[in-house]
There are 2 protein chains.
Amino acid sequence: MKQLPETTSVNAQVLASLRAAVISGELAPGSLHSVQNLATQLGVSRTPVREALIKLAQQGMVRFERNRGVRILLTSLHDLEEVFALRLLLEPPAVRRATTRLDGNQRRELRRMFAHMEKAARADDEFTMFEHDRRFHRVLLEASGNARLAAFVDGLRDMVLRRGVSTARASRSLDDIVAEHRAILDLIEAGDAEGAAKAMREHVRHTAELLIAQEAGADLGPGLAAVDIDLDWTGPARDHD
Amino acid sequence: MKQLPETTSVNAQVLASLRAAVISGELAPGSLHSVQNLATQLGVSRTPVREALIKLAQQGMVRFERNRGVRILLTSLHDLEEVFALRLLLEPPAVRRATTRLDGNQRRELRRMFAHMEKAARADDEFTMFEHDRRFHRVLLEASGNARLAAFVDGLRDMVLRRGVSTARASRSLDDIVAEHRAILDLIEAGDAEGAAKAMREHVRHTAELLIAQEAGADLGPGLAAVDIDLDWTGPARDHD
DNA sequence: CGGTGACGTGTCGCATGCCACTCTCGCCCC
DNA sequence: GGGGCGAGAGTGGCATGCGACACGTCACCG
């Protein structure tokens with residue numbers, strides 16, 4: 001038997017497909033779909049589709065509307081604020097912790113992800129870039145030793161991807177993004193937990209500001225992207241830099 | 001028609017029942033159950049039970065084992081560490097934020113929850129006490145304006161309840177718990193965001209230490225509850241007080 | 001001509017059928 | 001008597017049946 005034991009369940013495949021469809025915008029935000037239709041398109045029955053949608057609903061990507069269909073939820077400005085406020089609270093401490101706990105495999109994996117990011121950036125391959133960006137962050141989160149934290153933050157990224165993938169380019173080059181990750185990686189390699197945490201904080205904050213400014217601009221028309229939002233709940237004294 | 005439109009779906013009822021059963025220990029940690037059995041006991045079909053279990057599985061309370069049944073997961077020491085590390089990272093900033101954003105209704109609700117806690121403590125009604133404890137925290141989390149944060153932290157409490165409800169009494173009286181909440185409430189009422197955040201931090205940390213020490217004692221035998229755990233990832237310089 | 005109500009279509013939520021797989025237990029062979 | 005194996009019961013995962021409800025349409029009535 002050469003048949004590999006890696007028989008991914010139908011449910012998992014459907015979940016991946018639907019998640020990708022929502023993120024890519026193939027299922028437009030705000031639109032309504034029936035489970036039956038989605039099931040037919042995916043070539044499976046309604047059950048696994050419904051179960052996958054339940055999971056997505058728990059994550060906040062869709063919402064069931066009784067006897068009407070399933071609504072693809074849109075990512076509002078407030079959603080972005082929530083996501084980045086949480087990432088600002090969680091990722092820097094996770095990196096601080098990860099720096100001292102990283103084992104050999106994780107360190108190697110982190111370097112590998114970063115290398116892929118660099119390569120993708122040189123090739124101007126946006127999709128691959130963000131793919132490994134996400135995995136870079138995930139390795140760090142898992143290295144913190146807190147699986148719940150890792151899963152939660154990783155899930156938050158889905159919300160952002162829908163807005164971010166195709167728009168981030170406008171305001172920040174792929175090289176800039178790589179540079180921010182390089183800073184984080186270097187400080188981790190140097191064992192500077194505090195510096196790495198601070199670098200991560202700046203990275204997340206920077207990303208947040210660009211995305212939110214852009215989103216606000218898109219909502220309110222061009223030119224008035226300066227919205228008064230404070231994402232950073234971290235400390236007692238906040239000075240808007 | 002006086003029939004209220006509040007017809008809770010079967011799924012929601014099943015979800016509540018199963019969650020309560022897991023938390024109360026009626027479904028013992030580590031035990032295996034079939035969907036068919038649970039459905040029969042609840043008087044419904046397999047479908048809503050399965051869907052509710054999928055939600056619980058996403059939350060980490062149970063796990064599906066193919067062709068074997070549904071495993072009720074146990075809360076390990078490490079799980080408690082994860083939960084409280086997250087609560088320490090999230091709840092103090094949430095309270096800091098909530099203090100300045102609390103509206104009239106929320107403030108009233110907060111006072112009401114606290115009053116119920118006091119009353120339950122006087123009546124030595126542990127269950128009602130923890131019920132309103134949870135709602136007290138939830139009001140605060142929601143007042144922070146971050147719904148994702150509120151939902152996430154509230155979900156984390158399920159993990160703790162299973163261990164906490166029947167054991168917390170051993171090391172801390174209900175009055176002590178009320179006192180910690182009174183401190184938080186007073187500082188919020190006084191508009192002292194920083195103080196309230198600090199009080200919340202101490203409250204969570206205190207709860208964590210008691211539960212974890214107790215759990216570690218239960219696991220390793222009595223007398224060696226002094227386990228080296230640092231939950232607090234918050235800042236650069238940690239001094240174990 | 002405008003409003004209203006009944007009907008038809010489409011949908012979810014719940015129930016049930018079906019299949020492949022796992023585990024157990026007892027029988028049969030050695 | 002002991003050990004291996006096969007049949008049966010039980011399970012989750014997927015497919016499908018079924019009823020109640022929401023909404024759009026259109027005919028009918030005022």
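Just so it is clear, the model here is predicted, and its values are computed rather than measured. Within every chain, numbering begins at 1; the chains are lettered A, B, ... in the order of the sequence lines, protein sequences first and strands thereafter.
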- Note on the structure: The side chain to side chain contact (heavy atoms under 4.5 Å, CB included) partners of A12(A) (sequence neighbours excluded) come to T8(A), S9(A)

- For F64(A), enumerate each residue passing the ring pair (Phe, Tyr, Trp, His ring centres under 6.0 Å) test, keeping only those at least two apart in sequence or located in another chain. none

- Item | R71(B) side-chain N/O to G30(B) backbone N/O, donor-acceptor pair under 3.5 Å | yes

- Query: Which residues within residues 37-47 of chain A lie with some heavy atom under 4.0 Å of an atom in DNA chain D?
  - Reply: V44(A), S45(A), R46(A), T47(A)

- Message: For D125(B), give me all partners under salt bridge (charged side-chain N to carboxylate O under 4.0 Å, His left out), at least two apart in sequence or on another chain.
- Response: none

- Note on the structure: The answer to which of S34(B) and P48(A) contacts DNA chain D further toward the 5' end, by nearest nucleotide, is S34(B)

- Message: Reading DNA chain C from 5' to 3', where do the contacts with chain B start and stop? Cut-off is 4.0 Å to heavy atoms.
- Response: dC14(C) to dC23(C)

- Around atom CD of E26(B), are there more than 12 heavy atoms of other residues, nucleotides or ligands at under 6.0 Å? no

- Indicate whether any N or O donor in one side chain lies under 3.5 Å from an N or O acceptor in the other, for T40(B) and N37(B). no

- Listed by chain and number, what are the side chain to side chain donor-acceptor pair (under 3.5 Å) partners of D133(A), not counting sequence neighbours? H137(A), R157(A), H181(A)

- Query: Q36(A) has an atom CD; how far is it from atom P of dA15(D), in whole Å?
  - Reply: 11 Å

- Message: With a 3.5 Å distance limit and no angle check, can you tell me whether E91(A) reaches the backbone of V204(A) through a side-chain donor-acceptor pair?
- Response: no

- With sequence neighbours left out, what residues match Q58(A) under side chain to side chain contact (heavy atoms under 4.5 Å, CB included)? K55(B), Q58(B)

- List for me each residue that meets salt bridge (charged side-chain N to carboxylate O under 4.0 Å, His left out) alongside R101(B), sequence neighbours excluded, and say none if there are none. none

- Message: Tell me every residue that passes ring pair (Phe, Tyr, Trp, His ring centres under 6.0 Å) with H116(A), counting only those two or more places apart in sequence or in another chain.
- Response: H132(A)

- Give me the one residue out of V83(A), L90(A), L89(A) that meets side-chain contact (heavy atoms from CB on, under 4.5 Å) with R87(A). V83(A)

- E65(B) atom CD is separated from dG10(D) atom C1', nearest whole Å, by 15 Å

Kindly give the atom pairs (protein nitrogen or oxygen, nucleotide nitrogen or oxygen) under 3.5 Å for nucleotides 21-26 of chain D.
from	atom 1	to	atom 2	distance (Å)
dC21(D)	O4'	N67(A)	ND2	3.4

- How would you list, by chain and number, every residue that makes a salt bridge (charged side-chain N to carboxylate O under 4.0 Å, His left out) with E131(A), sequence neighbours excluded? none

- Item | Nucleic acid contacts - residues 52-63 of chain B versus DNA chain C, non-hydrogen atoms under 4.0 Å | none

